[in-house]
Visitor: 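What follows is a structure written as structure tokens; I'll ask about it next.
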Protein chains: 2
Amino acid sequence: MTCLLTDQEQILHLLKGLNNQISPKFERCTGISSSRYELLHHLYHADEVNQSNLQKAVNIDSAAITRHLKQLEADGMVTRSKIPSDNRVTLVRLTEEGRKRIIGYKEEKAAFVNQMLNDFSEEELSILSNMLRRMQTNIREL
Amino acid sequence: MTCLLTDQEQILHLLKGLNNQISPKFERCTGISSSRYELLHHLYHADEVNQSNLQKAVNIDSAAITRHLKQLEADGMVTRSKIPSDNRVTLVRLTEEGRKRIIGYKEEKAAFVNQMLNDFSEEELSILSNMLRRMQTNIREL
DNA sequence: ACTCCATAATTGACGTATCAATTGAATGAT
DNA sequence: ATCATTCAATTGATACGTCAATTATGGAGT
């Protein structure tokens with residue numbers, strides 16, 4: 001009835017399960033989805049960015065980027081404008097309102113992550129983050 | 001321009017990024033989505049299960065379970081039947097066809113996971129899997 | 001028997017990600 | 001100067017997951 005899985009086999013299941021749990025909880029706790037948060041966070045530090053750089057930074061599909069930004073624009077969090085020197089690219093920046101609101105989100109996110117990782121030592125965190133990076137590398141060209 | 005994130009802060013981003021990479025690649029490599037694989041895999045060992053137990057086992061929303069199973073049934077991989085003693089529950093089992101096909105999927109999955117974790121020692125795997133479990137626990141009641 | 005509650009499965013509405021195809025604007029080669 | 005390529009952004013189709021509400025059934029308690 002119960003079935004044995006090697007550690008290797010389980011990792012995938014655990015990863016997926018964890019993520020499925022995280023996404024809705026993150027949003028409930030912080031008031032914003034984690035992808036949106038990443039976008040705003042990046043803009044917060046980078047002041048003005050074009051979409052394709054933003055895409056590379058947060059590492060989600062550019063179609064999704066477009067849709068997120070449109071929504072964030074509609075919510076008054078960011079502005080978007082074409083640049084005259086190259087009419088293909090659109091520059092994105094936080095509005096004042098956006099800059100103000102992200103501060104609250106940052107706190108909520110910190111609290112969330114803190115809860116999730118509350119019993120992890122600095123060393124463990126760095127081990128974990130390395131492992132995740134290695135996995136990412138290992139499947140990069142599949 | 002570049003912004004400093006603590007290891008703690010990055011974990012979330014890494015996790016999500018990794019998962020977003022995994023899902024489409026898993027499906028491309030194996031020919032089936034990882035959720036469907038989990039369902040079939042569980043059925044492979046359990047012979048006959050009702051949906052709510054299946055739901056607990058694979059840990060995704062029961063709405064999603066219903067939809068997956070309908071599709072798998074349409075594809076001739078599983079059969080579903082109400083049980084007379086309690087007309088609420090539906091029992092699911094693999095068809096012969098399904099049982100045959102999952103064997104191929106198992107191999108593809110093993111190859112995929114092998115690639116993803118090829119440079120991980122047994123010990124690392126067990127550390128990683130423990131960490132993932134801990135995180136899951138830490139956010140359980142959020 | 002009848003009302004009340006719990007449970008299993010389903011459906012609907014929604015958010016988010018992917019990929020493939022398209023649009024529109026620069027750029028490079030002949 | 002023009003044609004082909006390349007690139008940024010967008011759109012459409014599709015898949016998967018959540019939550020909330022619904023349907024249908026079963027089981028108590030009175």
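Sequence lines set the chain letters: A, B, ... in the order given, protein chains first and strands last, and positions in each chain run from 1. Small disclaimer: the values here were computed from a predicted structure and weren't measured.
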Visitor: Are any of B:Arg80's side-chain N or O atoms less than 4.0 Å away from OP1 or OP2 of C:dA8?
Guide: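 Checking B:Arg80 against C:dA8: no side-chain N or O falls below 4.0 Å of OP1 or OP2.
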
Visitor: Any residue in residues 81-89 of chain B with a heavy atom nearer than 4.0 angstrom to DNA chain D? Just list them by number, or reply none.
Guide: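 Contacting residues: B:Asp86, B:Asn87, B:Arg88.
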
Visitor: Test of understanding: clusters of I, L, V, M, F, W, Y form through side-chain heavy atoms closer than 4.5 Å, transitively. Do A:Val49 and A:Leu91 belong to the same one?
Guide: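 No.
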
Visitor: Could you check which residues of residues 13-24 of chain B get a heavy atom under 4.0 Å from DNA chain C? Sort them by number, please.
Guide: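 Result for residues 13-24 of chain B: B:Lys16, B:Asn20, B:Pro24, sorted by number.
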
Visitor: Going 5' to 3' on DNA chain D, which nucleotide is the first and which the last to come under 4.0 Å of a heavy atom in chain B?
Guide: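 The protein-touched segment is D:dC16 to D:dG26.
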
Visitor: Looking only at heavy atoms, which two atoms of A:Lys106 and A:Tyr44 are closest? And how far apart?
Guide: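 That would be NZ-CD2, 3.9 Å.
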
Visitor: Could you check whether any side-chain heavy atom of B:Leu15 comes within less than 4.5 Å of a side-chain heavy atom of B:Met135, counting everything from C-beta outward?
Guide: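 The answer is yes, as the side chains (C-beta and beyond) meet within the 4.5 Å cut-off.
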
Visitor: Which ones in residues 135-142 of chain B lie close to DNA chain D, meaning a heavy atom under 4.0 Å from one of its atoms?
Guide: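 When residues 135-142 of chain B is checked for heavy atoms under 4.0 Å from DNA chain D, there are no hits whatsoever.
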
Visitor: Taking ring-ring contact (aromatic ring centres under 6.0 Å, His included) as the test, write out the residues that go with B:Tyr105, two or more places apart.
Guide: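 Expected list: none.
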
Visitor: Under 3.5 Å, is there a donor on one side chain and an acceptor on the other for A:Thr95 and A:Arg99?
Guide: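 There is no such pair (donor and acceptor under 3.5 Å, judged by atom type) between the side chains of A:Thr95 and A:Arg99.
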
Visitor: Taking the side chain as every heavy atom from C-beta outward, state whether A:Leu54 and A:His42 have any pair of such atoms under 4.5 Å apart.
Guide: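 They are in contact (side-chain heavy atoms under 4.5 Å apart), so the answer is yes.
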
Visitor: Under 4.0 Å, heavy atom to any atom of DNA chain D: which of residues 55-72 of chain B qualify?
Guide: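 Here the set is B:Ile60, B:Asp61, B:Ala63, B:Ala64, B:Arg67, B:His68.
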
Visitor: B:Met116 and side chain to side chain contact (heavy atoms under 4.5 Å, CB included): which partner among A:Leu142, A:Ile139, A:Thr137?
Guide: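 Of the listed residues A:Leu142, A:Ile139, A:Thr137, the side chain to side chain contact (heavy atoms under 4.5 Å, CB included) partner of B:Met116 is A:Ile139.
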
Visitor: Just checking, is any N or O donor in the side chain of B:Asp119 or A:Asn138 under 3.5 Å from an acceptor N or O on the other one?
Guide: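 Present: a donor and an acceptor within the cut-off.
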
Visitor: Can A:Glu96 and A:Lys100 be counted as an ion pair, charged N to O under 4.0 angstrom?
Guide: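 No, A:Glu96 and A:Lys100 are not salt-bridged.
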
Visitor: What about B:Ile65 and B:Val89, same hydrophobic cluster or not, with Ile/Leu/Val/Met/Phe/Trp/Tyr joined at side-chain heavy-atom distances under 4.5 Å?
Guide: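 They do not share one cluster, since no chain of ILVMFWY contacts under 4.5 Å joins B:Ile65 to B:Val89.
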
